Amino acid sequence: MTGQTARKTLRFDLIVLGAGPAGAAAAMTAARNGLRVALVDKVRFPRNKLCGGGLTGRAVAHYRRIFGGTLPPVPFERRDSFAFHAFGQSLGDSRDAPPLHLIMRFQFDAALVQQALDAGAMDFTGQSGNLETDAPAVDLPDHRLEAPILIAADGVNSPTAKVLFGDAFDKRRIGFALEVERPGAEPDRPLRIDFGAADWGYGWQFPKPTGTTIGVGGVLSRNSDMKAAMRRYLTELEVPEELPVKGQFLPFGDFRATPGRGRILLAGDAAGLVDPITGEGIAHALDSGALAAEAARDALVSNTPDTALAAYTRSLRPIHRGIRHAGLLRNLMFREALRPAFIRSFRSSRTLRSEYLRLMAGETEYGPLMQQMAARLPGFAWRAVSGT
């Protein structure tokens, strides 16, 4: 290599690009299964990340399965009471619900990375380089990393997806969110979810041990002025002070049916695995990262690395099915002609609210929730879910 210091080539069983929840889960799973894994991220942890930071029961269950222990070793606020609103109207409170654990992402993500490193993953965080898709390989400033399989968990703006498909996401279907952090603990401030705070989207108020995360998110193509939606929501919540605003794209249910190409697998936000109603991505990120690593392990054991993507795609079918169902239900919730019926049903039915909370807890799927809605709205439900 003329004029440059020769880079050392390091060979692994698996390279993981991106060390958020999906990447950390992939690295943890691979290392626990005896694979030699490199964990790469352009930043060092802890780092800030736009996210409501709510760990649903589904997310906690995946964390326990992948990392062990009861809950992540970070400060959290446990809430089992929720205030629901929709399009400016109260839908009532739900008490003694399956709990939501509210965390700061910079603490949570750093803890997951450390657990993966402690399990044996090699640390290449704080470095970025060029991806070679055929090998696959990653050229870092001082090392060249090679492996039979690569898992890309590099976020909604995934550079890997851009290389593979030309774009990280479909601009017509992508979501977008704005968020502020209100400093200081506010134990009396309710946990609140507002359907319709943005068009075809929602708002959230999540109190945490050291502050409150407040945000709005919705389908970008339907929100020409998301900043105005954010201002309205802050006014509604009586948050008058000026706070720094962060913005981020959200892959609102626009998942890739085939999450990768060749020997490269996409996980988490890079694969579009975000619930289009709740915006939850942590649970799917943890699950998909682990599933991708398990598919890689099985393919390597059988000496058939080219089979990993097909096996991983099959393992994602339950997640894909749930996201499709959520997209159908979103038609019912957000279509203007159907809003009054949705508000009336959600407000009057304790069973419907309970089913929604059970969904967040991972105790049920969207199918039963859709059945509950259809039972109450037989005249509306078919038109809503069929898209007519």
Side-chain angles (χ1 to χ4, degrees), residues 21-22 25-26 51-52 54-66 82 84 97-98 100 153 156 169-170 173-175 177 193 195 200-202 204 217-219 250-260 265-292 294-295 310-334 342 346 351-375 381-382 384-387:
C51 178
L55 293 183
T56 63
R58 188 186 307 274
V60 169
H62 290 318
Y63 170 82
R64 291 172 180 168
R65 171 173 62 88
I66 298 163
F82 301 75
F84 289 104
L100 192 68
V156 62
F169 50 75
D170 185 340
R173 303 176 65 181
I174 195 67
I193 297 171
F195 301 116
W200 281 58
Y202 62 101
W204 61 92
V219 177
L250 291 176
F252 253 2
D254 187 23
F255 64 85
R256 293 190 182 276
T258 301
L265 285 55
L266 302 177
D269 284 8
L273 302 177
V274 171
D275 188 297
I277 292 177
T278 67
E280 182 189 12
I282 295 177
H284 291 333
L286 293 170
D287 195 18
S288 63
L291 292 173
E294 289 166 358
Y312 173 51
T313 302
R314 289 192 296 271
S315 73
L316 288 180
R317 284 174 181 169
I319 296 177
H320 287 171
R321 182 169 57 247
I323 292 175
R324 287 193 186 97
H325 285 165
L328 294 174
L329 186 58
R330 186 170 64 176
N331 283 329
L332 175 60
M333 294 173 62
F334 293 118
F342 164 71
F346 205 91
T351 301
L352 190 58
R353 289 198 301 273
S354 175
E355 198 70 21
Y356 179 81
L357 293 169
R358 289 184 64 235
L359 172 77
M360 294 180 65
E363 298 172 1
T364 188
E365 299 297 335
Y366 270 105
L369 184 62
M370 293 172 68
Q371 291 172 4
Q372 289 282 342
M373 291 299 297
W382 174 249
V385 301
S386 64

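These numbers come from a predicted model, not from an experiment. Because only heavy atoms are used, hydrogens play no part in the values below, and waters and symmetry mates are left out as well, while side chains stay in. We count residues from 1, following the sequence as given.
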Shortest non-hydrogen contact between A22 and A153, atoms and distance: CB-CB, 3.8 Å
Verdict with supporting geometry, I282 and L55, side-chain contact (heavy atoms from CB on, under 4.5 Å): CA-CA 7 Å; I282 295 177; L55 293 183; 3.8 Å; yes
Beyond-backbone contact of D287 with L273, side-chain heavy atoms, under 4.5 angstrom: no
Salt bridge (charged side-chain N to carboxylate O under 4.0 Å, His left out) contacts touching residues 268-277 (sequence neighbours left out): none
Any residue meeting side-chain hydrogen bond (donor to acceptor under 3.5 Å, both in side chains) with W200, in chain and number order, not counting sequence neighbours: none
Donor-acceptor contact below 3.5 Å, side chain R58 vs main chain L359: yes
Reported CZ-to-CZ distance for the pair R317 and R324, which is rounded to 0.5 angstrom: 10.0 Å
Flag for R65-H62: side-chain donor and acceptor within less than 3.5 Å: yes
Steps toward side-chain contact (heavy atoms from CB on, under 4.5 Å) verdict (F82, L100): CA-CA 9 Å; F82 301 75; L100 192 68; 3.8 Å; yes
Pairwise side-chain contact, V274 with E280, heavy-atom cut-off 4.5 Å (strictly under): no
Whether F84 and Y356 hold their rings parallel, tilted or perpendicular, with breakpoints at 30° and 60°: perpendicular
Derivation of the side-chain contact (heavy atoms from CB on, under 4.5 Å) call for I174 and F252: CA-CA 6 Å; I174 195 67; F252 253 2; over 6 Å; no
Closest approach of G52 to W204 (non-hydrogen atoms, all atoms of both residues): CA-NE1, 3.6 Å
Main-chain N/O of G268 paired with S288 side-chain donor or acceptor, under 3.5 Å: yes
From I323, I319, L266, residue fulfilling side chain to side chain contact (heavy atoms under 4.5 Å, CB included) relative to F255: I323
Minimum side-chain heavy-atom gap I277-Y202 below 4.5 Å: no
